[in-house]
Amino acid sequence: MKNPKITRKITQGVYVLTTEGGGCIVDAVSRASAGEQPLFTVAVAKTNHSHKLLQENAKFALSILGQKADPAIIQTFGFNCSKDIDKFAKVKTTRINDIPVIDDSLGYILCEKVDAIDMETHTLYIGRMVEADVFSNADTPMSYAYYQEHKEDLKKVTTEQGKTAWVCTACGYVYYGDEVPDDYKCPLCGLGKAYFKKKED
């Protein structure tokens with residue numbers, strides 16, 4: 001394999017997937033059928049806690065992010081684990097059919113889960129759209145290419161004052177402690193201690 005970064009040229013968006021109990025940032029989303037209630041697919045990494053939540057819940061929502069979306073949304077849903085924090089306490093949401101959707105988004109698609117296909121590193125969840133709405137047309141949808149180009153600004157880590165923070169250089173997850181345990185695995189991307197760098201004040 002010569003340069004896998006070519007995959008960043010594939011046109012796709014950046015979304016916040018939410019379900020009861022948590023959520024995460026996803027980009028592998030696709031419409032799989034047409035009609036009044038089309039099917040949508042979303043791939044979720046098995047190492048992500050939201051994968052477990054999707055296994056347990058029957059509904060999920062996809063909030064479409066714009067380029068002007070608050071970077072705190074990506075920081076909260078992309079670089080933290082729902083086991084550790086209440087993500088919905090940090091980002092303003094509205095509950096639609098008992099599922100939180102992101103207020104600062106272009107709109108949402110609410111789906112009922114109809115199937116799940118097991119893959120090597122991810123599960124492909126398939127949902128049927130049961131409700132959707134547009135919140136704003138005043139912004140351009142954030143693409144995966146835009147995210148990669150502006151990633152460093154979007155993922156700037158804000159740590160808790162007075163605590164020693166170790167940041168995963170792959171995904172931005174923050175571990176708090178004097179040292180990262182030798183057998184520690186990042187709860188977001190699954191990588192080990194070697195990928196954590198101490199955040200300097």
Side-chain angles (χ1 to χ4, degrees), residues 1-19 22-32 40-51 53-54 60-82 84-85 87-88 90-93 100-111 119 121-125 127 132 134-159 165 167-174 186-191 195-197 199:
M1 185 179 293
K2 292 184 178 180
N3 192 347
K5 289 183 179 179
I6 188 61
T7 58
R8 297 178 182 179
K9 303 298 184 183
I10 296 174
T11 301
Q12 54 196 43
V14 178
Y15 313 86
V16 181
L17 181 150
T18 49
T19 189
C24 62
I25 297 291
V26 293
D27 58 76
V29 173
S30 178
R31 191 175 75 172
F40 286 84
T41 65
V42 55
V44 181
K46 294 178 181 178
T47 56
N48 199 311
H49 182 62
S50 295
H51 180 273
L53 296 176
L54 275 177
F60 64 87
L62 296 165
S63 297
I64 295 88
L65 294 182
Q67 293 180 1
K68 298 176 183 176
D70 186 348
I73 296 172
I74 290 178
Q75 293 167 11
T76 299
F77 283 90
F79 309 130
N80 292 279
C81 181
S82 297
D84 299 331
I85 68 166
K87 297 182 180 182
F88 302 130
K90 294 179 173 288
V91 175
K92 190 174 181 181
T93 61
V101 300
I102 306 300
D103 287 357
D104 184 13
S105 68
L106 303 184
Y108 70 91
I109 298 165
L110 182 68
C111 295
M119 299 185 292
T121 58
H122 291 62
T123 296
L124 189 69
Y125 290 98
V134 176
F135 290 158
S136 173
N137 290 310
D139 195 4
T140 302
M142 184 184 297
S143 68
Y144 183 66
Y146 178 93
Y147 168 77
Q148 288 295 336
E149 184 179 349
H150 299 85
K151 181 167 62 175
E152 294 309 312
D153 289 331
L154 292 169
K155 66 181 262 188
K156 283 180 179 175
V157 176
T158 301
T159 57
V167 182
C168 177
T169 56
C171 72
Y173 180 79
V174 181
C186 177
L188 293 187
C189 67
L191 295 176
Y195 287 85
F196 281 80
K197 182 179 179 181
K199 180 173 172 58

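Computed from a prediction, not measured in an experiment: that's the story for all the values here. Residue numbers count from 1 along this sequence.
For the pair Phe77/Cys24, no side-chain contact is recorded, criterion being any heavy-atom separation below 4.5 Å from C-beta on. A heavy-atom distance below 4.5 Å is found between the side chains of Leu65 and Ile25. Two residues are said to be in side-chain contact when any heavy atoms from C-beta on lie closer than 4.5 Å; Val42 and Phe60 meet this criterion. Between Lys87 and Asn80 the shortest side-chain heavy-atom distance falls below 4.5 Å. By the 4.5 Å heavy-atom criterion applied to side chains, Leu106 and Pro141 are counted as neighbours.
Scanning all heavy atoms of the two residues, the minimum distance from Ser82 to Gly22 falls at OG-CA, 3.4 Å.
Here the NZ-CD distance, from Lys90 to Gln75, works out to 10.0 Å after rounding to the nearest 0.5 Å. Asn48 CG to Cys186 SG: the interatomic distance, rounded to the nearest 0.5 Å, is 9.5 Å. To the nearest 0.5 Å, the span separating CD on Gln67 from OG1 on Thr140 amounts to 5.0 Å. Note that OG of Ser136 and CD1 of Ile64 are 12.0 Å apart. Values are rounded to the nearest 0.5 Å.
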*Apply ring-ring contact (aromatic ring centres under 6.0 Å, His included) to the pair Tyr125 and Phe40, showing each step before the final yes or no.*
CA-CA 8 Å; Tyr125 290 98; Phe40 286 84; over 10 Å; no
*Going through the checks in order, is the side-chain contact (heavy atoms from CB on, under 4.5 Å) test met by Phe88 and Thr18?*
CA-CA 10 Å; Phe88 302 130; Thr18 49; 3.8 Å; yes
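Residue Tyr195 qualifies as open at atom OH: its count of foreign heavy atoms under 6.0 Å is 12 or below. More than 12 heavy-atom neighbours from other residues, nucleotides or ligands sit within 6.0 angstrom of NZ on Lys46.
In this structure a side-chain-to-backbone donor-acceptor pair under 3.5 Å is missing from Thr76 to Ile73.
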